[in-house]
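Order of listing sets the numbers, starting from 1, for every ligand and every atom in it. Note that the numbering runs from 1 along the sequence shown for the chain.
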Amino acid sequence: MNPRHRLAALAGGLVLAVFPGGAAHAQDPYAAPRQQMLADIVQITRDTRFETGRAQLSQRVTAAMAKVPRHRFVPPELERHAYANRPLPIGMGQTISQPFIVALMTDLLEIKPGDRVLEVGTGSGYQAAVLAELAAAVYTIEIVEPLARQATERLKVLGYRNVVTRTGDGYAGWPDQAPFDGIMVTAGAREVPPALLQQLKPGGKLVIPVGPMGAQVLMVYDKGTDGRATRREVLPVRFVPLTGGPR
Ligand code: SAH
């Protein structure tokens with residue numbers, strides 16, 4: 001290599017070293033806000049460590065959140081707020097959860113690369129995309145048909161081939177695809193739907209907000225190898241209600 005080229009290559013390397021992801025910034029106007037979102041998540045994780053029991057998130061989870069283009073999952077007029085740490089309306093009276101809660105719930109599920117995961121409450125499809133970065137296969141159910149349709153299309157356009165979407169009532173789980181290594185419910189349930197615990201593999205985890213509106217608590221259920229579940233409370237949360245179920 002001639003010396004001038006070598007210098008240019010070196011300089012290029014240096015720029016990249018000083019600004020990690022520098023090349024990506026040029027094409028993705030949201031690369032910097034996404035980095036800021038991650039910094040916010042890291043800070044809130046530290047601030048809530050006494051309640052949640054975790055001072056930091058797994059590196060796999062932060063890497064997944066760094067990858068998924070959250071701005072593609074919100075209505076165009078809210079795109080510029082996509083990386084703020086707050087929930088946003090996604091139409092049909094529903095919301096996309098705050099990024100910190102997405103990160104925390106994902107972390108609590110402790111997904112391994114070969115896992116098959118069920119999500120109840122597809123909404124925008126954002127949480128499903130984060131799960132898809134971590135698991136082998138994601139099955140996600142949404143009860144509101146237009147949201148399910150939109151999320152399916154969006155995940156397809158973004159190239160998430162390991163997500164299967166379905167319109168239906170997730171209160172009953174997804175019996176045809178059960179059992180799952182992990183199940184996440186992203187709507188507030190009055191009580192834990194029994195089918196979800198049944199469809200969990202021994203050793204699997206269910207992450208679910210439970211309780212009446214205004215007093216929901218994020219819960220983790222661990223299903224032991226003997227099939228018995230133990231539960232623990234993580235954090236007070238606010239979710240749109242889980243509808244469906246027995247009438
Ligand atoms: N995970 C979503 C946000 C979920 S908002 C995201 O990343 O954008 C909660 C969603 O749960 C709403 O879209 C709501 O329609 C859906 N939902 C409520 N009850 C449900 C049920 N019984 N089965 C499936 N989806 C349900």
Side-chain angles (χ1 to χ4, degrees), residues 37 41 61 64-65 67-75 78-79 81-109 111 117-135 138-155 158 160 163-178 180 182-197 199 206-213 216 218 237-247:
M37 174 189 83
I41 291 172
V61 170
M65 302 270 309
K67 246 175 118 177
V68 181
R70 187 169 159 95
H71 63 280
R72 302 285 297 270
F73 292 83
V74 301
L78 295 177
E79 211 182 274
H81 301 299
Y83 295 98
N85 186 46
R86 57 174 163 112
L88 292 170
I90 54 169
M92 311 294 291
Q94 306 303 326
T95 54
I96 178 173
S97 304
Q98 167 187 5
F100 164 65
I101 292 292
V102 172
L104 175 65
M105 290 175 77
T106 308
D107 202 58
L108 289 165
L109 218 46
I111 298 167
V117 175
L118 172 68
E119 180 198 20
V120 175
T122 315
S124 68
Y126 176 69
Q127 174 72 72
V130 173
L131 294 171
E133 296 284 350
L134 297 164
V138 178
Y139 298 85
T140 179
I141 312 180
E142 169 57 54
I143 203 164
V144 178
E145 210 268 334
L147 288 178
R149 208 175 337 117
Q150 204 178 22
T152 306
E153 179 59 25
R154 184 178 278 147
L155 289 162
L158 291 172
Y160 284 99
V163 183
V164 187
T165 53
R166 203 188 96 188
T167 307
D169 182 2
Y171 191 96
W174 193 325
D176 295 352
Q177 294 295 344
F180 301 97
I183 301 180
M184 183 188 292
V185 179
T186 60
R190 298 295 299 224
E191 73 286 318
V192 175
L196 299 186
L197 279 175
Q199 291 174 24
L206 165 65
V207 176
I208 179 171
V210 187
M213 282 302 273
Q216 297 166 349
L218 185 61
V237 285
R238 198 166 345 148
F239 275 82
V240 295
L242 183 75
T243 57
R247 282 159 208 276

Contacts of Gln98 that satisfy side-chain hydrogen bond (donor to acceptor under 3.5 Å, both in side chains) - sequence neighbours left out: none

Enumerate the atoms of ligand 1 whose separation from the nearest heavy atom of Ile141 is less than 4.0 angstrom. 24 (C), 25 (N)

Yes or no: does Glu119 have any heavy atom under 4.0 Å from an atom of ligand 1? yes

Treating Gln199 as the side-chain partner and Trp174 as the backbone partner, does any N or O pair qualify as donor plus acceptor under 3.5 Å? yes

Residue, atom and distance of the protein heavy atom nearest atom 23 (N) of ligand 1 read Gly170 N, 2.8 Å

Counting N and O atoms only, with roles assigned by atom type, does the side chain of Asn85 sit under 3.5 Å from a partner on the main chain of Phe100, one being a donor and the other an acceptor? yes

Sidechain-backbone polar pair: Glu142 side chain, Gly123 backbone, donor-acceptor under 3.5 Å: yes

Could an N or O of ligand 1 be found under 3.5 Å from any N or O of Ser97, whether backbone or side chain? no

Would you mind listing which atoms of ligand 1 come within a distance below 4.0 Å of any non-hydrogen atom of Gln127? 1 (N), 7 (O)

For residues Gly188 and Phe239, report the shortest heavy-atom separation together with the two atoms involved. N-CB, 3.5 Å

I'd like to check which ligand 1 atoms, numbered from 1 as shown, lie under 4.0 Å from a non-hydrogen atom of Ser124. 6 (C), 7 (O), 8 (O)

What do you reckon, does Gly168 put a non-hydrogen atom under 4.0 Å from ligand 1? yes

In ligand 1, the atoms that come under 4.0 Å of a heavy atom of Asp169 are 21 (C), 22 (N), 23 (N)

List every atom of ligand 1 that sits less than 4.0 Å from any heavy atom of Ile96, numbering the atoms from 1 in the order shown and giving each element. 8 (O)

Just so I know, are the side chains of Pro69 and Tyr126 near enough to count as touching, which here means a heavy-atom distance under 4.5 Å? no

Under 4.0 Å from one or more heavy atoms of Thr95, ligand 1 contributes atoms 3 (C), 4 (C), 5 (S)

Is atom CZ of Arg154 surrounded by more than 12 heavy atoms (other residues, nucleotides or ligands) closer than 6.0 Å? yes

Is any side-chain heavy atom of Val117 less than 4.5 Å from a side-chain heavy atom of Met184? no

In the protein, what heavy atom is nearest to atom 17 (N) of ligand 1, and what distance, to one decimal place, separates them? Ile143 CG2, 3.8 Å

Could a heavy atom of Pro241 be found less than 4.0 Å from some atom of ligand 1? yes

Does even one non-hydrogen atom of Thr122 get within less than 4.0 Å of ligand 1? yes

Thr122 (side chain) donor-acceptor with Ile141 (main chain) under 3.5 angstrom: yes

Is it the side chain, the backbone, both or neither of Leu147 that has a heavy atom closer than 4.0 Å to ligand 1? side chain

Apply salt bridge (Lys or Arg N to Asp or Glu O under 4.0 Å) to the pair Arg149 and Glu145, showing each step before the final yes or no. CA-CA 6 Å; Arg149 208 175 337 117; Glu145 210 268 334; 2.8 Å; yes

If you scan protein heavy atoms around atom 15 (O) of ligand 1, the nearest is Glu142 OE2, 2.6 Å

Only residue of Thr140, Leu131, Leu196, Val138 satisfying side chain to side chain contact (heavy atoms under 4.5 Å, CB included) with Leu118 is Leu196

Classify the contact between Thr186 and ligand 1 as side chain, backbone, both or neither, using a heavy-atom distance cut-off of under 4.0 Å. both

Residue and atom name of the nearest protein heavy atom (relative to atom 12 (C) of ligand 1), distance in Å to one decimal: Gln94 OE1, 3.2 Å

Within ligand 1, which atoms have a heavy atom of Val240 less than 4.0 Å away? 5 (S), 9 (C)

Identify the protein heavy atom lying closest to atom 19 (N) of ligand 1, giving its residue, its atom name and the separation to 0.1 Å. Thr243 N, 2.9 Å

Does Tyr83 have any ring-ring contact (aromatic ring centres under 6.0 Å, His included) partners at least two apart in sequence or in another chain, and if so, which? Tyr30, His71

For Val144, atoms of ligand 1 separated by under 4.0 Å from a heavy atom: 15 (O)

Give the residue and atom name of whichever protein heavy atom lies nearest to atom 11 (O) of ligand 1, and the separation in Å to one decimal. Gly121 CA, 3.2 Å

Exceeds 12 heavy-atom contacts within 6.0 angstrom, atom CZ of Arg238: no

